[in-house]
*Asks:* 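Supplied in structure tokens, the structure appears directly below.
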Amino acid sequence: MTDTGRRLDRRGFVGLTAGGLLLPGLVRAQGIAPATEISAHERSLYDAAKKANESATWYVSHYTSETAEQIGRAFEATYPGIKANVVRTTAQVAYQRLTQDMRARVRNCDVFSSTDIGQYTTLKTDGQLEKYQPQNLRFLFETFQKASDPDHFYWVTSAGTVLINYNTRHVSAADAPKKWTDLLDPKWRNRIAVGHPSFSGYVGNWVVAMRLAYGWDFFKALEKNKPQIGRSINDTVTMLNSGERWVGAGPGATTQNSASKGNPLAIVYPEDGTLLMIATTGIMKSTRNPNAARLFVEFLMGKRTNEIHAANFTDTTRPDVPPYPGAKDLATVKLLRPTDAEIEKGIPEIRELWRDTFGV
Amino acid sequence: MLRRLSVIEPATLLWLLLVGALVVLVAWPVAELLVASFTAPRTGAWTLSNYAAAYGRARYVEALFNSLYLGAASAAICAVLAVPMAWACSRTDMPGRGFAWFTVLAAFIIPPYLGAVGWILLAGPNSGWINQAWVWLTGAEESLVNVYTFWGMAIVIALHSYPFIFIFTKSALDLVNSEMEDAANILGAGTWTTTLKITLPLVWPTILAGIILVFLETIALFGTPAIIGIPARINVVTTQLWQFFEHPVRAEVAAAYSMPLLLITAGLIGLQKLMLNRKGYVSQTGKGGERRMIKLGPWRWVLLAWCGFVCLLSVAAPMVALVQASFSRAWGRGFSLDNLTIKNYRYLLFEHDGAALAVVNTFVFSAAAATLAIFIALAIAYVVKRKLLPMGGALAFLCMAPFVIPGIVMAIGFYAAYAGPPLTLYGTAAMMILAFTARFLPIAYANGSAGVQMIHPEMEEAVRILGGGRLTAVKSVVIPLLKKALLGGWLLVFILATRELSAAIFLVGPETRTISVLLYDLSEEGNLEVLSALGGILLVITLVFVGTGMKLIGRDFMLRRGGE
Amino acid sequence: MSKLVLRNLSRRFGSFTAVDAIDLTLQEGEFVSLLGPSGCGKTTTLRMIAGFIPPTGGTIESDGVALSSPDAVTPPERRGMSMIFQSYAIWPNMTVAENVGFGLKLRKLPSEEVHRRTGEILEIVQMGHLAGRYPAELSGGQQQRVALARAIVVKPSVLLLDEPLSNLDANLREEMRFEIRRLHDEFRITTVYVTHDQAEAMVTSDRIAVMNAGKIEQVDAPFALYNRPRTRFVAGFIGRTNFLEARVHGGQLDLGGFALPAGVLNGHTPAAGQSVLLSVRPQSIALAREPGGDALSVPARIVEGAYLGEHWDYLVAPEGAGETKLRVTTLPSQRHQPGEQVWLRFDPDQMVPIA
């Protein structure tokens with residue numbers, strides 16, 4: 001075990017109330033329009049953006065389309081007159097578009113969010129990112145502050161978890177795996193669902209973390225149980241729902257969202273560590289909308305965005321916003337988080353290894 | 001007293017404009033792609049290294065072979081499914097021919113992707129309904145069927161591609177004169193001998209054309225291999241291409257990787273042309289003859305059963321599974337009254353941020369693309385068939401070229417060509433419409449070309465000698481005569497455009513999301529209930545369009561017939 | 001002024017010469033047929049006149065204005081001509097009246113006039129009662145009449161007909177020949193008529209241009225063409241004939257085994273030692289059971305005979321003429337048995353030397 005497991009600071013989880021937890025997500029998001037305090041800094045960005053008639057175009061891949069749209073709308077509601085163009089696609093497409101844009105010297109994108117840290121290091125090295133120190137960064141969990149770029153080119157704006165999910169019809173809570181290595185038990189043969197590291201950043205991070213923790217032998221052993229390989233990490237939810245598979249290495253958020261509809265699903269935070277996935281955001285170099293882009297970044301770290309996160313079953317980045325229903329207090333959970341360098345170096349390696357071991 | 005006269009007809013300008021349109025739609029994006037495949041990503045220098053990267057590794061080459069096997073397998077299955085149906089519908093007294101038609105139509109309308117989801121629900125090895133029923137009925141330990149296999153995938157793809165072969169075969173069979181069969185009968189051949197030795201061989205080139213079409217469709221398909229192929233541990237070209245777009249993105253390698261596909265498909269189309277050019281086949285004569293329905297006797301029930309079986313596999317079973325999911329609160333809970341809800345539909349229609357827009361987009365884009373494609377294709381077919389411009393063959397090739405380009409590859413070319421200046425079409429409806437137009441231009445062209453071929457040139461010459469220009473001839477004679485054929489072609493392109501995923505997913509912008517992209521997004525989000533409901537909405541609206549079209553032009557609209 | 005002048009007109013398709021430097025002049029109101037076997041270039045010539053095909057050499061002029069030359073071609077729609085096509089090309093999407101009125105509408109005539117003239121011409125071609133029908137509901141002959149009406153109603157400067165009767169059955173074809181001639185007599189439209197059927201050409205035409213292998217062999221009125229063919233091709237193509245190779249020997253016309261007096265040929269007596277080809281029509285030879293008693297009567301034997309109802313068709317072998325056999329037609333009442341001895345009697349007026 002390397003020291004990749006870190007604990008989220010407990011500080012700041014004070015705002016969490018039972019009422020907040022139990023309220024159905026949608027009602028909370030739509031019913032209560034929380035008064036967003038606009039800081040002086042935000043105010044000056046807003047004024048400057050308004051004056052220059054700016055808008056913010058946001059390439060994003062890790063939210064569901066609806067969550068991304070809601071954030072865009074909320075931004076527009078908070079800052080009337082500044083349009084937020086939300087371009088939500090899968091991660092490959094988003095980045096491919098970005099590179100095509102750069103080649104064509106088009107500046108479509110102002111703000112770029114992705115879960116693939118490697119994309120940021122490349123963009124940073126190529127000088128394609130704008131340096132900026134968001135003022136709202138200090139309100140995030142310390143872990144997220146630390147995971148942001150020390151050179152101020154990109155920052156954490158969203159997070160997710162990879163943990164064990166299972167079908168409650170076929171597996172009782174007592175029988176459910178308690179830690180990752182439990183998945184190697186032959187009783188789960190033909191019962192496990194996972195995603196694919198070449199199609200999902202979450203899966204890539206998880207595979208890197210597992211390899212760091214247990215070596216590649218973990219996956220060789222896992223293959224003996226013939227896991228079902230999907231593309232997206234969310235495919236595990238589908239597989240569990242159908243009863244096709246019973247346990248999976250899946251996303252906390254989507255699983256709980258599906259369970260909240262009545263699907264027979266539950267999650268286990270593994271004893272040997274829940275993978276913490278971060279999504280970062282950067283501002284594109286020489287954006288035509290510098291003020292709107294900065295304002296948008298501030299907004300992504302703001303309270304309002306995090307409330308939308310929680311309402312849509314996405315992990316919150318601020319201690320002052322309660323997590324989505326059914327989520328554990330992350331501060332009580334052991335978290336795994338490989339370093340940026342480990343991820344960047346590891347992902348191409350594990351993709352090859354994966355192909356060798358699983359054949360696809 | 002010779003007077004100098006102008007050689008250029010005013011219409012010539014229009015033809016040149018069309019050539020321009022073809023360049024915009026096809027040549028430029030493809031050229032961008034070709035150039036990219038020979039360009040080093042950072043330096044921009046000329047290189048072969050992209051090809052080395054794409055084909056230097058056994059696993060990438062293996063994916064290519066998987067695609068070829070898959071294409072061949074599903075094309076063969078399609079032929080088995082479709083040819084008996086087409087024969088029964090065209091030449092026999094089988095009852096329920098309308099039902100068979102409906103089956104084909106429905107299978108055609110269902111996006112392959114949605115059908116694949118349905119089959120996962122049905123034939124998942126552990127939880128699929130079929131397997132559950134099997135285990136419950138027989139008490140067996142082992143499941144009966146497994147969709148996550150090579151053949152599972154080939155069959156699921158075939159179940160939504162066989163309409164192509166049906167359409168081709170039926171329209172050819174409709175042209176076989178019964179006298180051909182009578183001649184064999186009189187010599188003592190029975191119905192079956194006649195059918196196998198005379199009728200089917202006559203239309204064999206057409207069947208082969210359908211098989212090639214399905215083969216090409218299959219190797220260009222992304223959705224089904226993505227959701228069935230990967231769990232089945234089978235990598236194909238399209239899923240491999242997708243991986244080239246993972247960080248670090250290697251679009252140049254992807255371009256190089258797809259080039260051999262272009263060669264393979266160009267070769268196949270050449271082969272098909274060769275076969276169709278041989279004399280004496282029915283598709284060549286284009287003349288319908290007397291047709292008599294073959295009396296099948298008890299065999300007609302066997303054929304009807306076959307049609308029913310195909311309907312069950314391709315339409316009924318996956319639809320039941322999807323409809324169940326779409327009306328479930330949580331489809332994982334299975335059937336029960338308290339699990340029943342219309343909330344998914346309500347959510348999509350009234351609460352979802354993008355669904356209503358996606359529905360509108362889908363039908364607006366599809367209708368616009370169908371209109372554009374039909375008219376460009378008709379005009380090009382006209383120019384080629386009437387030899388109005390030199391190099392007609394090259395024009396025809398340009399029209400057919402998109403056929404051979406996988407949607408995602410085409411989309412990359414499109415993005416490279418049009419997203420940035422000078423046109424800056426990214427995120428606009430125009431981009432999507434142009435891409436759909438280009439993608440389905442071959443289908444429209446085949447339709448238009450067959451139509452123009454049926455119009456005797458003297459029909460137009462009669463207009464011209466009476467004082468009408470070429471455009472008057474087209475307007476007052478060609479278009480009215482081809483009205484039905486054009487409307488049929490329009491519907492065909494329209495349906496295909498509503499199903500389109502592989503190009504759309506790459507070109508879609510914030511305001512231009514379509515239903516198929518939304519379906520894919522929802523599947524990535526694991527939201528099967530809403531996904532199924534959206535599929536239901538798509539089908540209902542498409543059915544309304546198609547139903548209206550069929551009212552207007554009769555149910556044979558998909559057949560490649562020109563003229564009256 | 002000449003209405004239509006084809007001057008040195010040629011058309012090549014690749015290495016194939018379809019029309020080879022032809023000259024033809026039509027006077028106003030004249031009806032000229034282009035007659036020849038298929039592939040002789042007659043349809044290509046017609047389509048060049050219409051403007052559908054540009055010439056590769058030569059010119060076409062109408063009323064002194066150049067219409068076609070290798071450099072420039074007036075498009076068909078600006079020639080003021082009309083044409084009747086082999087397929088009729090009746091537009092199936094329009095009624096009979098709409099078909100006929102189409103050309104008038106293109107000329108932007110007021111709708112009452114379009115209506116009136118359409119009605120008139122349909123009466124003339126006896127189609128007035130079918131004005132509201134669609135072409136699919138008409139017989140072949142009726143479609144032909146619609147095509148005629150459509151072409152004539154616009155009062156074209158030149159009317160072109162491309163084998164218009166070839167798709168009709170025999171009786172109808174005969175009827176329509178006279179119909180076409182009648183309409184021409186009524187309207188006097190300058191007409192070019194393409195056909196491979198000599199009877200059609202003879203019934204309808206003022207003059208016939210016989211074409212062969214891209215060239216015009218002879219242009220003449222039907223009577224002259226039949227009775228005074230100038231080339232072997234014309235003689236053989238227009239009606240049936242016997243070709244006899246003749247050589248002049250000492251005042252005799254040696255026909256290879258039998259001879260006739262050299263002076264019989266009107267004004268065309270060839271010089272001694274020269275040979276000449278004669279065309280002798282089968283009906284210009286009389287058959288008799290008795291010798292005629294003069295030099296024009298030649299003994300022969302019946303080889304075979306065929307009864308065709310309107311006449312007998314015999315093959316006869318002149319005595320001493322070796323392999324030479326002649327076709328002779330006689331009245332239906334005149335019966336001979338094969339092997340029977342007969343006497344042929346030639347009519348010098350109908351023995352035509354061919355160039």
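Just so we're on the same page: letters track the sequence lines, and every chain starts at 1. Values in this document were obtained by computation on a predicted structure and should not be read as measured data.
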*Asks:* For chain C, which candidate among B:His456, B:Glu460, B:Lys483 shows the most heavy-atom pairs at distances under 4.5 Å?
*Replies:* B:His456
*Asks:* Measure distances from C:Phe85 to the heavy atoms of chain B and classify the residue's part below 4.5 Å as side chain, backbone, both or neither.
*Replies:* both
*Asks:* Under 4.0 Å between a side-chain nitrogen and a carboxylate oxygen: does that hold for C:Glu113 and C:Arg117?
*Replies:* yes
*Asks:* One thing to verify: whether C:Arg47 and B:Glu461 come together as a salt bridge, which I'm taking to mean a side-chain N less than 4.0 angstrom from a carboxylate O.
*Replies:*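 Salt bridge flag = yes for C:Arg47 with B:Glu461.
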*Asks:* Parallel under 30°, tilted from 30 to 60°, perpendicular over 60°: which one fits the rings of C:Tyr193 and C:Phe31?
*Replies:*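 It falls in the tilted class, 30° to 60°.
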*Asks:* Charged N to carboxylate O below 4.0 Å: is that the case for C:Lys105 and C:Glu98?
*Replies:* no
*Asks:* For C:Arg150, is it the side chain, the backbone, both or neither that has a heavy atom under 4.5 Å from a heavy atom of chain B?
*Replies:* both
*Asks:* Using heavy-atom distances under 4.5 Å, tell me whether B:Thr472 contacts chain C through its side chain, its backbone, both, or neither.
*Replies:*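 Side chain of B:Thr472 only, per the 4.5 Å heavy-atom cut-off to chain C.
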*Asks:* Side chain from CB out, backbone as N, CA, C, O: work out which of these in C:Leu104 comes under 4.5 Å of a heavy atom of chain B, or both, or neither.
*Replies:*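 For C:Leu104, no heavy atom lies under 4.5 Å from chain B.
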*Asks:* Does the distance from a Lys or Arg side-chain N to an Asp or Glu carboxylate O, for C:Lys42 and C:Glu163, drop under 4.0 Å?
*Replies:*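 Yes, charged N to carboxylate O under 4.0 Å.
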